[in-house]
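Everything on this sheet refers to the single structure shown next.
Naming: A, B, ... by sequence-line order, numbering from 1 per chain.
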Amino acid sequence: MTLLVQYTLIFASVLILVALGGCFAEHSGVINLGLEGTMLVGAMGGALTMRYLTDKLPTFALILLVILISMAAGALYCSLLAVASINLKADQTIVGTALNMLGIAGVTVVVKAINTAANPDDVSSVINYGAAREKFLVKLGDFEFSWFMLVTLILLVAAYVILYKTRFGLRMMACGEHPQAAASVGINVFKMRWAGVLISGAYGGLGGIVFIMAGASEWRFEYGVAGFGFLSLAVMIFGQWKPQRIALAGLLFGLFRALSNVYSSFDFLAKMDIPSPVYNMLPYIISLIVLAFTSKSSQAPKAEGIPYDKGMR
Amino acid sequence: MSTPSPYAIEMLHITKRFPGIIANDDVTLQLKQGEIHALLGENGAGKSTLMSVLFGLYQPEEGEIYVKGKKVEINDPNVANELGIGMVHQHFKLVECFTVLDNIILGVETTKGGFLQKDEARKKVMALSEKYGLRVDPDAKIQDITVGMQQRTEILKMLYRDNEILIFDEPTAVLTPQEIEELMQIMKNLAAEGKSILFISHKLAEIMAVADRCSVLRKGKYIGTVETKNTTMEELSAMMVGRNVNFHVEKGEAKVGKPVLEVRNMSVASKVHKNNAVKNVSLTVHAGEIVCIAGIDGNGQTEFVYGLTGLEPLVSGSVKMLGEDITKAKIRERSLKGMSHIPEDRHKHGLVLDYSLEDNLVLQRYFEPEFTNKAGFLRRDNIRKYAEKLIAEYDIRSGQGPVTKARAMSGGNQQKAIIAREIDKGPELLVAVQPTRGLDVGAIEGVHKSLISQRDAGKAVLLVSLELDEVMDVPDRILVMYEGEIVGELDPKKTTQEELGLYMAGAKRDEVKA
Ligand SMILES: Nc1ncnc2c1ncn2[C@@H]1O[C@H](COP(=O)(O)OP(=O)(O)OP(=O)(O)O)[C@@H](O)[C@H]1O
Ligand SMILES: [Mg+2]
């Protein structure tokens, strides 16, 4: 049972972070379909940091640095989306898809190159961070608390406060709903959208490192992130683009994902003798069902996906 | 320096080009301090464009702007704002899912360390609302409030910014007569306080009532400025269209034929509240007559038309056209049976804004052999020819002709395109909902003529209108709708505007048989 809670919380953290990332971009008016790639790039940033700096830094500094570098890597990667879709007015769906393909390929190439440079016989795309991973965990009895859970909670509250309590949030959401209206009161739509996309990248990148560290002590980057970027979009839609609801949706989806890790420790589930791939499929199947029923009453930002054109009426 | 300029705004020799069209061609406009100045011109004459230039949304290619005697460059709405210029746009610029208060403060929020401080803002908004009689609910969301309240929100937005120069782009086109009265009073109050107002309208009576002076544009060119007290409506409209406009609708006797549309006991659900918006309505429209549904906006006319045209399902009742039951027919089937619909909301139901004009003109006919060959490909050449024919016939003006994006057309010309498409289809029944909204007097005359020629050709016309003059002049029969019911049938030749008003306000009602 403790294990179930633990896995639920850690997977929920991933989904919530990445969904909030999607949410920031969309509230500013840009659809970020490239979250899958963004996660991977963020994860690589964090993993490399751990590979080189684990012994050299005190625990707190290491944790902070891993978090910051993952976020920075994600944000940097998403600036590609920003340039293409905001400044060059490219189709956001296509750019997002391209970012996903580029993400997995690019990261694999980089990690392989680094590995081969260190050891000519090593052509794998694996980074090991087992030693560092321990430092992120605190044992509370059976329960392994991860500092990422706390960080997620803080960033969740931050997202709520930023969106609904600050001038920045009000202006950004105006750009996602009606950019012409925002521009007519002197808001710089381009700047706000850039901000939305960069924040989106930061949240997505952090989600990436949390994801690969959720249950493994090394990661083979050519495997990608198992569709968690897209799952997070489902969480975002189910959460109706609102941080509070995204948190709940993330917990729900996280629970289903966690089941596949721990179902065998529940006697009644183990007895049912359902093959494990069925559990693995659960979150994805649930997301299809949920979206089929909820996307109709969608409260998506009205102007998302449409490049801003000043003269449009 | 010299004496202060008597002008709040001077726009001198402004030229603004769009692809294929000169929207403003050497236009000069001078707005005196504290006056209400009307801007008049046909659809597409360039009024909105000129105002957008003043507001910093477009940059003119040529010309100069002076504010209070000082030369300025307005290249951004921020600059306009700093100069004290505020604007209510023809299509409102409000964020639908925000509250009234959030929309008002957007862009000029009071903050403490980045956090919003709304209490003070709320006090200021309520004080302004009180002072000018601009009733709003600061916590209601824009999507839930009436157009009238949305407009008051827009006005409060300008006042909240302490703007001294106020631009109103067709503020009255979407208001009910009562709301128009209120707005005119508010404008007079504002002017009396020393604010300078620029006001665009197609309604000459309004201009005569509130404006001190009026400038006229025609096809992008400046025609002249007159004092309203020294002019007449006839003179203004002649300046505007370059010919005399006949305000009175000429028509002969109706030759009423067999019933074309028979609606029995129709009820339609409301989207806003739980009750039915249309309650048990029955009516008949015959060939060769124009029947008008009159009433104050929001009394179920919209829902009635949705039910009739198939946009919404009926709760109960039946619709028959030419004797055939079409209660459950699809929209395409209704269209093929000969129903045409000029919708109330031209952006939502009338046009695909990002399609070209020619594609919009064949929206209901593209599948006909004339426009699609046997292999299923569009016959572009025929579509082009057809579009060009309609453009010429209905005088649809646009920058690039058939290939202009509908979005880039002026509001009035978008409306003309829909009317052309719906009438040219050769319908048995024409359902026209506020067909003249946003049109200039010349175009209104044209639309009324087309409605009457439909009637004279033996077709049935169902007109839904909020405009009293139109209700009195155009139809052969008036049905008044109040709170979802037909409460009176009047003969326009025998009734008066006062009597009509009593029915519309619910003060009088009769039993009406279909
Ligand atoms: N953004 C744009 N791109 C291209 N053409 C435009 C654009 N805005 C306006 N036009 C064209 O400029 C002309 C003037 O348009 P404008 O909206 O100023 O007319 P208007 O006088 O306000 O008309 P209405 O009474 O119908 O609102 C029209 O022919 C229109 O098609
Ligand atoms: Mg206009």
About how many Å separate CD of B/Q143 and NZ of A/K302, when rounded to the nearest 0.5 Å?
5.5 Å

Of all heavy-atom pairs between A/A183 and B/P77, which one has the smallest distance, and what is that distance?
O-CG, 3.3 Å

Whatever's closer than 4.5 Å to a heavy atom in chain B on A/A303 counts as neither

Quick check: are there more than 12 heavy atoms from other residues, nucleotides or ligands sitting under 6.0 Å from NZ of B/K124?
yes

Mind checking whether A/V185 and B/V108 have side chains closer than 4.5 Å, heavy atoms only?
no

Let me confirm one number: the CD-CD1 distance from A/E177 to B/I142, rounded to the nearest 0.5 Å.
12.0 Å

Side-chain heavy-atom pair A/L170, B/L106 within 4.5 angstrom cut-off:
yes

Do you know the tightest heavy-atom contact between A/Y164 and B/L116?
O-CD1, 4.3 Å

Decide if atom OH of B/Y160 counts as having more than 12 heavy atoms of other residues, nucleotides or ligands within a radius under 6.0 Å.
yes

Are more than 12 heavy atoms from other residues, nucleotides or ligands located less than 6.0 Å from atom OH of B/Y355?
no

In terms of heavy-atom contacts, A/A181 and B/V95 come closest through CB-CG2, 4.4 Å

For A/K191, does the NZ atom have more than 12 heavy-atom neighbours from other residues, nucleotides or ligands under 6.0 Å away?
no

Heavy atoms from other residues, nucleotides or ligands near CG of B/D119 exceed 12 (cutoff 6.0 Å):
no

If you draw a 6.0 Å radius around NZ in B/K141, do more than 12 non-hydrogen atoms from other residues or ligands fall strictly inside?
no

Quick one: of B/L94, B/D76, B/N81, who has the most non-hydrogen atom pairs under 4.5 Å with chain A?
B/L94

Between the side chain of A/R171 and the main-chain N/O of B/G107, is any donor-acceptor distance below 3.5 Å?
yes

Tell me, yes or no, whether the heavy-atom count around B/K405 atom NZ, taken from other residues, nucleotides or ligands under 6.0 Å, exceeds 12.
no

Under 4.5 Å to a heavy atom of chain A? For B/F55 that would be side chain

Need one label for B/F98: side chain, backbone, both or neither, based on atoms under 4.5 Å from any heavy atom in chain A.
side chain

Can you find a heavy atom in the side chain of B/E96 that is under 4.5 Å from one in the side chain of A/H178?
no

Quick one: are A/Q180 and B/L57 in side-chain contact, heavy atoms under 4.5 Å?
no

Side chains of B/M87 and A/S184 in contact at under 4.5 Å (non-hydrogen atoms)
no

